[in-house]
**Student:** 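Pasting a structure below so you can have a look.
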Amino acid sequence: MYLELIKTFFKIGMFTLGGGYAMIPIIQKEVVERHQWMSEEEFIDVLAVAQSCPGVFAANISIYIGYKLRRLKGALCCCLGTVLPSFIIILAIAMFFQSFKENKTVEAIFRGIRPAVVALIALPTFNLAKSAKITLTNCWIPIVCALAIWLMGVSPILILIIAAAGGWVYGQVIKPTEH
């Protein structure tokens, strides 16, 4: 099982162009659909926890999943599998950076990758919205949060604290009275 965790998360780590958010659909496909290590709903909760914790998003997700499956050794295997490809690639780039820093082909490749990375980030955003049951009725919440962060410079930490408090109030006060 430990080797399977390392292999799975190494494969995920190999295709993490664009950062942690770009890897969400790959993790979801492997963890939820292929291996069925957790449900779709559990995966959404993992994303929420991983996002609200300090540290690298992809590593946080892998640690949580590994810990859920095989405790500390599982967390270590998943995290190692996730970060090892990036470490190897960055090490190789650092070793050869000076020789291709001004290469026009490399510059063109990166210009072509940028729009694809935007798509890789946009797709999981829409899938997460659907899975989190964001509808036309409540879509104002993420929109207002994003605008508050972007336009008014509100701290994402403050947004998380307010959202957590709002969720608690809803679960403790409002929802029980709806029945």
Side-chain angles (χ1 to χ4, degrees), residues 4-66 77-136 139-151 153 156 159-160:
E4 183 69 23
L5 291 174
I6 291 174
K7 279 183 5 184
T8 299
F9 280 88
F10 189 88
K11 181 171 73 172
I12 290 167
M14 284 295 294
F15 299 100
T16 310
L17 298 172
Y21 293 103
M23 75 188 312
I24 291 172
I26 300 169
I27 297 174
Q28 183 176 16
K29 185 173 188 110
E30 289 291 322
V31 172
V32 176
E33 296 169 21
R34 183 166 180 252
H35 294 290
Q36 298 178 343
W37 288 333
M38 63 180 43
S39 70
E40 181 78 28
E41 206 166 87
E42 285 176 300
F43 185 71
I44 298 297
D45 292 341
V46 168
L47 293 178
V49 170
Q51 177 61 41
S52 61
C53 291
V56 178
F57 183 59
N60 289 348
I61 293 171
S62 64
I63 290 168
Y64 186 95
I65 293 168
C77 289
C78 288
C79 187
L80 179 67
T82 302
V83 300
L84 197 55
S86 298
F87 176 77
I88 293 168
I89 291 167
I90 289 170
L91 184 61
I93 289 172
M95 290 170 57
F96 302 107
F97 182 71
Q98 291 302 324
S99 61
F100 66 84
K101 180 170 75 170
E102 307 275 331
N103 187 311
K104 298 293 180 193
T105 305
V106 172
E107 286 180 29
I109 289 170
F110 281 115
R111 274 195 309 277
I113 288 175
R114 285 184 194 127
V117 168
V118 171
L120 287 171
I121 294 170
L123 179 64
T125 301
F126 292 115
N127 289 338
L128 285 174
K130 194 172 14 171
S131 298
K133 297 176 179 66
I134 294 178
T135 63
L136 291 176
C139 70
W140 64 270
I141 297 169
I143 292 170
V144 167
C145 292
L147 290 174
I149 293 168
W150 180 46
L151 296 176
I159 297 287
L160 287 172

**Student:** Which heavy atom of Ile134 sits nearest to which heavy atom of Pro142, and what is that distance?
**Tutor:**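 So the minimum-distance heavy-atom pair works out to CD1-CG, 4.0 Å.
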
**Student:** What pair of heavy atoms forms the shortest contact from Glu4 to Trp37, and how long is it?
**Tutor:**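 Of all heavy-atom pairs spanning Glu4 and Trp37, the closest is CG-CZ2, 4.2 Å.
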
**Student:** Gln28 and side chain to side chain donor-acceptor pair (under 3.5 Å): which single residue from Glu33, Arg34, Glu40 fits?
**Tutor:**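 Only one option passes, and that is Glu40.
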
**Student:** What's the spacing between Ile44 CD1 and Ile24 CD1 if we round to 0.5 Å?
**Tutor:**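 CD1 of Ile24 is found 8.5 Å from CD1 of Ile44.
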
**Student:** Does atom CD of Glu41 have more than 12 heavy-atom neighbours, drawn from other residues, nucleotides or ligands, at distances under 6.0 Å?
**Tutor:**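 Not buried by this count: 12 neighbours or fewer within 6.0 Å.
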
**Student:** Tell me which one of Ile12, Val46, Val49, Thr82 satisfies side chain to side chain contact (heavy atoms under 4.5 Å, CB included) with Ile61.
**Tutor:**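 Of all the options given, the one that passes is Val46.
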
**Student:** Quick one: pull up CZ in Phe10 and CG in Leu80 and give me the separation to the nearest 0.5 Å.
**Tutor:**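 Nearest 0.5 Å value for the CZ-CG distance: 9.0 Å.
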
**Student:** I need the minimum non-hydrogen distance between Asn60 and Ala50, along with the two atoms involved.
**Tutor:**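 The answer is ND2-O, 3.1 Å.
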
**Student:** Considering non-hydrogen atoms only, spot the tightest contact between Cys77 and Leu5 and give its length.
**Tutor:**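 Distance-wise, the nearest heavy atoms are CB-CB, 4.3 Å.
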
**Student:** Do Lys7 and Lys11 come within less than 4.5 Å of each other through their side chains, counting heavy atoms only?
**Tutor:**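 Heavy-atom side-chain distance check fails, nothing below 4.5 Å.
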
**Student:** Heavy atoms only: give me the nearest Cys78-Gly66 pair and the separation to one decimal.
**Tutor:**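 In terms of heavy atoms, the two residues are closest at SG-CA, 3.5 Å.
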
**Student:** Closest heavy-atom contact between Val83 and Ala59?
**Tutor:**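 Looking at all heavy atoms of both residues, the closest pair is CG1-CB, 4.4 Å.
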
